[in-house]
Amino acid sequence: MQKVYTLRTLPGSKSSEIPDWMADLNPQQQAAVMHSGGPSVIIAGAGTGKTKTLVYRVAWLLEKGIPVNSILLLTFTRKASEHMLARVSAFNQAGGQVTGGTFHSFSNLVIREFGHHIGYGANFTILDKGDAQDRVDLLRNQLLQNLPKTRFPKKGTLLDIFSSHRNTGRPIEDIINSEYPQFQHLLDPIEKLFTGYQDHKKRYSLADYDDLLFLCRDLVRDHESVRTALNKRFKYILVDEYQDTNPVQAELVERIAGPDGNLMVVGDDAQSIYKFRGADFKNFLGFPERYPNAAVFKLEENYRSVQPILDVANSVMSQAAEKFEKTLFTKKPEGQLPVLITAPDENYQNQFIISRILDLREEGIPLSQQAVLFRSARNSYSLELELNANHIPFEKRGGNKFAESAHIKDMISYLRLLMNPKDVVSWNRVLQMVDGIGPKSADDIIRMLEESGIDNRVSEMVSPRYRTQLTLLLDTLTAWTADKEFKAIVDELIRFYRPVFEKRYFEDYPKREKDLDAFQAVSLKFSSIESFLSHLALDPVSFTQEDTLGTHADEAPLILSTIHSSKGLEWHSVFVMDLLDGILPSTFTLDKTEDLDEELRLFYVAVTRAKENLYLVYPGIQFHRQFNNYFTKPSRFITSLPDRLLEKWMLSAADDASTETKQIE
């Protein structure tokens with residue numbers, strides 16, 4: 001018979017039990033933090049505390065006696081790295097000495113030390129964006145002297161094309177065909193310029209932002225001595241947001257770690273939404289295949305959202321073709337079902353969002369704890385006008401506000417001249433859209449117009465170089481000042497402006513073109529130029545609306561955001577608007593499963609930003625410049641959700657239509 005003798009815990013002895021400072025971690029987090037060694041992957045669902053887990057992991061390594069200079073923490077922003085290491089320092093003062101930073105900052109350090117292997121000295125020059133653009137422009141003038149300057153891509157556009165080519169691996173031809181079709185006839189000189197730019201940088205020991213990754217990868221891949229030195233130096237490597245790495249970043253870090261190294265990657269395949277930047281979520285999804293001996297940890301307990309919102313999120317991701325299987329849950333099972341609202345049209349959609357925002361505010365939810373999310377910046381244009389009219393402060397993240405886009409300002413300038421022919425600022429903008437008219441000529445013409453008003457006889461007194469175009473402009477403005485309906489004026493304005501628009505923004509006008517639809521759709525709500533421009537200028541609100549708004553001038557604003565810009569953030573109540581097929585998912589993603597999956601992940605990100613309330617909204621009728629009003633099709637992502645997961649609301653106008661309020665039936 002054996003007798004069990006229980007050892008007492010002696011002072012100074014190392015206990016295998018979980019230390020007190022880790023008591024606030026759940027079992028899955030604790031297991032990841034205390035992983036003994038070797039490759040590992042943490043699959044962290046939205047709101048499951050991945051940052052906290054990484055912070056505790058670094059603190060745990062330091063407590064176990066791992067030298068501080070043998071730990072490398074890679075993140076996607078310097079702010080994220082500094083935030084994590086500051087939190088580690090709360091547990092261990094050495095935390096601030098851990099090597100941490102972005103892939104680019106780490107690559108810079110490696111090239112400074114080992115760059116001589118590839119012809120780069122420690123004193124090589126990093127080109128910022130402006131410097132890089134200037135170099136491209138310089139080489140353009142040297143290598144392509146016989147090309148017309150006015151129609152060739154500008155230096156910023158060229159650099160964007162080159163960067164996209166390098167980070168995504170797509171041929172320059174594909175990028176131009178899909179995103180810059182107006183430059184298809186210039187493919188050969190653009191490719192020649194790219195080659196010249198790459199040779200120029202190497203010759204003069206220059207590196208732009210993208211080069212840092214590629215040069216560092218080349219060092220580690222092609223020079224065993226560099227790879228060995230880094231492998232010996234960094235015994236523990238932790239990488240955040242691994243689903244957002246591009247192939248170069250993944251290859252770089254995995255080569256440094258080696259097949260059996262202590263490489264821990266953390267991420268969420270369901271939140272990979274940056275393919276357009278070159279991110280490849282398969283770097284994360286395929287990690288267990290590349291490292292068959294990797295430990296896999298799943299963080300599924302959510303600390304952000306109520307369970308009904310998580311049920312929707314789980315159902316959304318169940319539709320994905322490629323994914324890690326995981327199910328989000330919370331210990332807060334209570335909560336309101338997410339709401340699906342089919343608005344009769346875009347105007348009702350806006351009025352519902354505003355009405356509900358004000359209701360929630362009266363219930364004690366500050367504007368700053370509410371957010372309206374959308375696929376593209378243009379989706380919120382009409383909503384912005386309504387928010388302005390109701391004096392509801394908002395902050396927009398991602399893209400420009402409606403009236404701040406240059407091409408929208410152009411069209412507004414024409415309309416302002418019809419209202420006030422003495423508007424010097426608008427004249428200055430409109431006149432300089434005419435070929436050949438610069439600031440000096442515009443100033444001279446404005447002085448003549450101040451005396452005569454909109455009179456085409458002014459054209460007889462200007463240079464023949466732009467006389468014909470100026471005559472056309474003044475004749476057109478004169479015709480619009482006749483007794484015409486506002487809708488007809490807007491239709492003619494867009495037809496008149498289109499050739500100016502395509503020439504003025506030839507770099508990227510295909511990307512801006514849908515904004516013309518948005519402008520026309522917004523204008524349909526108004527019966528006159530005066531009412532439209534007054535709306536833009538923030539008309540005073542009514543007394544009843546004033547009663548629902550804040551009394552503090554410094555009240556933090558409502559958040560409007562593209563879904564891409566919302567990643568990593570959270571709000572008490574979230575509205576996701578314009579949930580239509582063709583918008584989310586985008587029309588351009590319907591042919592490929594992997595593209596459709598990315599759109600699905602984008603919707604998942606939107607859903608998981610909400611903590612307590614989630615409102616999914618779409619208009620039943622929408623406006624298109626060519627087809628006018630048409631019946632929409634709700635997003636396939638919401639029609640595929642089980643009915644039990646959503647509460648459906650119908651909208652009805654209040655009896656007093658002048659208040660524009662909506663009630664829920």
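- Between Glu325 and Lys298, none of the side-chain N atoms (NZ, or NE/NH1/NH2) sits under 4.0 Å from a carboxylate O, so this pair counts as no salt bridge.
- Environment of NZ in Lys154: sparse, with no more than 12 heavy atoms of neighbouring residues, nucleotides or ligands closer than 6.0 Å.
- Using a 4.0 Å cut-off between charged side-chain N and carboxylate O, Arg378 and Asp515 make a salt bridge.
- Here Asp595 pairs with Lys275 in a salt bridge; the nearest charged N to carboxylate O distance falls below 4.0 Å.
- A salt bridge links Lys567 and Asp244; the closest N-O separation between the charged side-chain nitrogens and carboxylate oxygens is under 4.0 Å.
- Ring planes of Phe287 and Tyr291: parallel class, angle under 30° (limits at 30 and 60°).
- A tilted orientation is assigned to the rings of Phe501 and His407, their planes being inclined by 30° to 60°.
- A salt bridge between Arg375 and Asp578 is absent, with no side-chain N of the basic residue lying under 4.0 Å from a carboxylate O of the acidic one.
- Using a cutoff of 4.0 Å between basic side-chain nitrogens and carboxylate oxygens, Asp211 and Arg166 are scored as salt-bridged.
- Between Tyr381 and Phe519, the ring center distance fails the sub-6.0 Å criterion.
- Note that Arg601 lies outside the cation-pi zone of Tyr604, set by a 6.0 Å cut-off to the ring centre and a 45° limit from the axis.
- Under a 4.0 Å N-O distance rule, the pair Lys50/Asp240 qualifies as a salt bridge.
- Under the 4.0 Å criterion applied to side-chain N and carboxylate O atoms, Lys326 and Asp268 are assigned as salt-bridge partners.
- Using a 3.5 Å distance cut-off with no hydrogens or angles, the side chains of Thr157 and Tyr180 do not pair a donor with an acceptor.
- Side chain of Ser566 to main chain of Ile563: a donor-acceptor pair is present (N/O by atom type, distance under 3.5 Å, no hydrogens or angles).
- Of the inter-residue distances, the one linking Glu322 atom CD with Leu285 atom CG reads 6.0 Å to the nearest 0.5 angstrom.
- Contact check on Glu179 versus Arg170 returns a salt bridge, with a Lys/Arg side-chain nitrogen under 4.0 Å from an Asp/Glu carboxylate oxygen.
- Taking CD1 of Ile190 as the start and CZ of Phe162 as the end, the distance is 7.0 Å to the nearest 0.5 Å.
- Note that CG of Leu646 is 13.0 Å distant from OH of Tyr615, once rounded to the nearest 0.5 Å.
- A cation-pi contact links Lys201 to Tyr197, judged by a cut-off of 6.0 Å to the six-membered ring centre and 45° from its axis.
- Under the 4.0 Å criterion applied to side-chain N and carboxylate O atoms, Arg304 and Glu570 are assigned as salt-bridge partners.
- Here the CG-CZ distance, from Leu373 to Arg397, works out to 10.5 Å after rounding to the nearest 0.5 Å.
- From Lys648, atom NZ reaches atom CG of Leu616 across 11.5 Å, with rounding to the nearest 0.5 Å.
- If you check the side chains of Ser382 and Asn350, you find a donor sitting under 3.5 Å from an acceptor.
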